[in-house]
Amino acid sequence: MTEFTQEQYQKFFDEFEKAYKEYENKVKERRARGIHDYNVFDVLETKEVKHSKFIASLLDPKGLHYQDDLFLREFVNACGVSYFGLDTSNAQVYREYENIDIYITDGNKHIIIENKILYAKDQDKQIYRYIETIKNENSSKNENSSLDNDGILVLYLTPNFDKTPSQESLNGFEIKDGFLEKGNDKIRYKHIVCDHILKWLDKVKIEIVNLTDLNVIITQYEKAVKNLINKGEKMENENLIELVKQNYKIAKEISKVVDEAEKEIINEFFKDLSECLAKNLDNCWCIESLNKVSNDKFSAIIFIAHSDFKAEKFAKFCIGVNKGHDGVDSIEYGFTTFPSTKTDLKSIVENGNFAGMKKHCVKNNQYAHWAFWNKLDFSADICIKEQNSLVQKIAQEMKEILKELESELVYLNKEIK
């Protein structure tokens, strides 16, 4: 490790702070002139949901854009899958059809789009299940015929080509020369990326050049996709970049400890949160464990058990953090069991009288061991700025949720018994 003195580090931070203030002033000037990075798609929703919703809304020939199959036809061309033979004029587009992100069919041809545009983790047997779902549904509708493998196409969407479906998701299928192969099954497959989406958007913008309002919306989404793969026109500061270049070694040494510093900030926050909860929760709740942030995408940090249901098999209230591309970006919480218990809490809640848990649950909760699951925006930066008030705010929110859902948790755990 390169050795730097305290004075060298301090000099770099002082210079960086000066350059950053210059950057902030430049941003203010640009904003005053009407130049901005605001994007409605970055504000309304997070994660794959917003991308799947918008893409599907454009692809739908019956969508409110009133452009018939224009967008779907150009999408097929941009992705290079016109050979598949989808009849776009008679196609229907579905969102979250049997958990498939986007499903397109003309009755004979079936396209499954699995959206991993923000690198969501593959679920167990995910792609395999989707293929089987389409096959089984087609068989039930057409008792005298089975769906030919040529009738299914799987499109796997990621930002770049650096992620492919996991073996857990494929469940025995292997990717070979544009196909998913397993035994006698040979399903058409293509990996598409954000550049395919940008090519598609660029083409349709030309086609609808006179529809100003629709063009503006598509341009906004185009910017959101570009920002995702670092092709956006973000307001940058050449001075900051130049300063890092001139002090590259020391900047690199600092960058190495940023993740560890974030972990310490988050761990300190959750230690304070745990202490606050311990003081304020009703007597029926007990904090079982306080873990530290791990290197995993999700870290389960605080587990709170009901005093009558402390055994490992029972559902506990869990509070943890999720990591995005730029570090921790949200607190996630809900009632859960350990995955090893193989208890399907999700099904119990879906099929039972659990109105409170259903109300709190965010959409598309695919984890069987979670009874409900929700999230709050969160970051190390927020911790530094307002830790004390944030601890009190979140502790109060968790206390209210536990009070509201205590009876449902008791009933849920009795079902597990």
Using the salt bridge (Lys or Arg N to Asp or Glu O under 4.0 Å) rule, collect all pairs that involve [range], keeping only residues at least two apart or in two chains.
range            : result
residues 203-214 : Lys203-Glu207, Lys205-Glu222
residues 277-291 : none
residues 392-405 : Lys359-Glu404

Got a sec, which residues hit ring-ring contact (aromatic ring centres under 6.0 Å, His included) with [X], two or more places apart in sequence or on another chain?
X      : result
Tyr248 : none
Phe84  : none
Phe317 : Phe335
His191 : Tyr156, Phe161

Q: Please list, chain by chain and in numerical order, all residues satisfying salt bridge (charged side-chain N to carboxylate O under 4.0 Å, His left out) with Asp296, sequence neighbours excluded.
A: none
With sequence neighbours left out, what residues match [X] under side-chain contact (heavy atoms from CB on, under 4.5 Å)?
X      : result
Lys199 : Ala78
Asn171 : Lys125, Tyr128, Lys182
Lys342 : none
Thr105 : Tyr94, Tyr103, His110

Q. Can you check salt bridge (Lys or Arg N to Asp or Glu O under 4.0 Å) on Asp185 and Lys135, steps first, answer last?
A. CA-CA 11 Å; Asp185 283 336; Lys135 281 186 174 183; 2.9 Å; yes
